[in-house]
Amino acid sequence: MADWQRTHTCGELRESHLGQTVVLNGWVNSYRAYNDQVFLDLRDRYGVTQVVVEADDPDFALAQEIRDEFVLTVSGVVRSRIEGKHNPKLTTGDIEVKAKKLAILNRCPNPPFAVMSIPQEPEVFGETELAGEDLRLQYRFLDLRRPTLQKTLALRHRMNKVIRDVLDAQGFLELETPLLGRSSPEGARDYLVPSRVTPGAWYALPQSPQLYKQLLMVAGYDKYFQIARCLRDEDLRADRQPEFTQLDVEMSFVEMDDLFRLLENLTVEVFRRCIGVEIQTPFPRLQYEDVMLRYGSDKPDLRFGMEIVDVTELAKQSTFKVFLDVVGKGGFVRAINAKGAADKFSNTELKPGGKLTEFVAGFGAKGLAWFKVEGGKLTSSIEKFFPVGVQEQLQKTLQAENGDLLLFVADTHDTVCSALGALRLHMGNVLKLIDMTKKEFKFAWVIDFPSFIRDEEEKRWAANHHPFTAPRDEDLHLLESDPGKVRAKAYDLIINGYEAGGGSIRIHNPEVQQRLFSVLGMSPEQAKSRFGFLLDALKFGAPPHGGIALGLDRWAMILTQTTNIRDVIAFPKNQKARDLMTGAPSEVDAKQLKELGIKQ
RNA sequence: GGGGGCGUAGCUCAACUGGUUAGAGUACCGGACUGUCGAUCCGGUGGUUGCGGGUUCGAAUCCCGUCGCCCUCGCCA
């Protein structure tokens, strides 16, 4: 062991170590220099320990040179802090290390932003005045020194460990599948990789290991999982990165209930062992159609109510032309009751061109009707179009009380859902209906998704989940006659408004698979050329099977209660899918392109 | 591709309605200081107000263009 190597971490020394000679390695979190002594807070990922260098210490002169983020080795004796000078903000705050020997292992220029500043809780020096995100991404190696990010990455490690432990104990095999695969035109845009040895041909990076895991089922690996990187060349969001990590699970000889049980137990273990939260199972199972009506979303945040209420029948009894026109065209009028919000919004904000109207316009709604409840009555610029009896019925249906704000959208089913669904979340935010200081988690399974959605642009049916999802047995006969009515054996796991996972029971019968391809407008020849290997495999004795994939980055967000996926990934990409640290994606040499047979 | 927000010192921000030499905290540099722990005190360096153009006696501020970042719609089987 070299003489500078640590004997302890910066988080472990206590009064039980008093008198011991120790060596610490770490970064300078902060320093306080006096004429005759220097205090150094030395930081590593285990904590912070105060080091004192005094005038009679041999390296006192050197200590004067020390600045933030220098890497040091300190050899010294653990001693108690003097009476009344203990620091309760640090878990090591009862002791300090009196330096005997000190060396600078590496210097650091004045950092572009402060890694640390203010102590907020024991051991963790929290950040205030956090630097701009692009700067932090550019110097990610500095940003990653922050305790918050170090804790988050440690939590991801623990999450992966729990997953492996739980699944291993139940006989699952962790198997790897290729990164270089075949492009399939269905689904998200592929990241493509050119083949050098076959000029003009391309691999695709996996959007998920979907087909491989099904082939593993055919091959008899009846309990499979993989913590797999997936890549999709689509636009980014606060909860979407171009490469992300899924827990991919597949089982043979199972039905939906078996997977629900497995995943519920896994979720219990993850929440218990990662953040110490006990959760209740089984999770509620909600039908797709029902959640769309009640929450306007297939991934509702169930931490608050404010459910959407259909008032189409009442709207018919009004003389309000906007409502009547919509209803006449087969549309719907639905509303939410923002409890107590009447005085939070001025009529200016509510009227056409106002903030709230603009908000719903962003989701396709042509307008926003509203009533405030005052003195037991509805008031609005449109109240005259609503007979007293109808107003009373509206109040009753929406359980309206004084001070409430009722918000209505009239449009097609899809538009009402997305506009009111978004408005519900927005109002929930404004009214602070979610207490982020509480560790509150609401889980649910969403089931009975339609197998197909209509692609109006292309005038064809598209797979809602993916084309290998089994339809419900009782809906199979509708496959050709009424595809829109076919429900799938598909399910999403939702947590606090996030789609935390999704899966399905797969088709294991080649004839059914062929029928499904043909609903999607794929001829037998096309199906054979794209997915021939899967159809073949299904013919060769495929077991009934199904699985699920969990978005582990989102799980990390949920567990750490952050809203930005970049905060739970070590080296994330920005919204333009660029890595600000490495500069990827970058141009490449003409020579590289030439080898690949690619023309500029 | 559309909508919204932001861009001022190394960093975090301020600068009223267009009006004096663009300020503060912090970091950095120098000095003082024996118990600090967001040390304190004194002094100092530091600015293409993202970039380009325009309006004006005068622009950080208004207008046009452009670049970058964030949120979002479309997209994400």
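Reckoned from all heavy atoms, side chains included, excluding hydrogens, waters and symmetry mates. Throughout, a chain's letter reflects where its sequence line sits, starting with A, and its residues are numbered from 1.
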Describe the nucleic acid contact of A:Ala33 in one word from base, sugar-phosphate, nothing, applying a heavy-atom distance below 4.0 Å.
base
Which value, in whole Å, describes the distance between the P atoms of nucleotides B:rC62 and B:rA15?
13 Å
Figure out the NZ/P separation between A:Lys299 and B:rC76, and round it to whole Å.
14 Å
Looking at A:Ser30, I'd like to know whether one of its side-chain N or O atoms comes within less than 4.0 Å of OP1 or OP2 on B:rA39.
yes
Sugar-phosphate only, base, or nothing, as touched by A:Glu69 at under 4.0 Å among non-hydrogen atoms:
nothing
Sugar-phosphate means primed atoms, P, OP1 and OP2; the rest is base. With that split, encode nucleotides 41-47 of chain B 5' to 3' as B, S or - using protein heavy atoms under 4.0 Å.
-------
Mind checking whether A:Phe531 and A:Phe468 have ring centres under 6.0 Å apart?
yes
A:Pro467 near the nucleic acid: base, sugar-phosphate alone, or nothing, with a heavy-atom cut-off under 4.0 Å?
base
Taking only the side-chain heavy atoms of A:Asn87 (C-beta and beyond), determine which of B:rC37, B:rG35, B:rC76 contains the nearest atom.
B:rC37
What is the per-nucleotide protein-contact pattern of nucleotides 65-75 of chain B, from the 5' end, where B denotes a base atom under 4.0 Å from a protein heavy atom, S denotes such proximity for sugar-phosphate atoms only, and - denotes neither?
---SSBBBBBB
What residues, two or more places apart in sequence or in another chain, satisfy side-chain hydrogen bond (donor to acceptor under 3.5 Å, both in side chains) together with A:Glu133?
A:Asn564, A:Arg566
Are more than 12 heavy atoms, taken from residues, nucleotides or ligands other than A:Lys573, located less than 6.0 Å from that residue's NZ atom?
yes
Using a heavy-atom cut-off of under 4.0 Å over every strand shown, decide if A:Leu520 touches base, sugar-phosphate, or nothing.
nothing
May I ask you to verify whether the side chain of A:Arg79 and the base of B:rG35 hold a donor-acceptor pair under 3.5 Å?
yes
Its contact letters, B for base, S for sugar-phosphate only and - for none at protein heavy atoms under 4.0 Å, make nucleotides 23-30 of chain B read --B-SSS-
Give A:Gly132 one of three labels, base, sugar-phosphate or nothing, depending on what nucleic acid heavy atoms sit under 4.0 Å from its own.
sugar-phosphate
For A:His86, all residues meeting ring-ring contact (aromatic ring centres under 6.0 Å, His included), sequence neighbours excluded
none
Qualifying residues under salt bridge (Lys or Arg N to Asp or Glu O under 4.0 Å), relative to A:Arg530, sequence neighbours excluded:
none
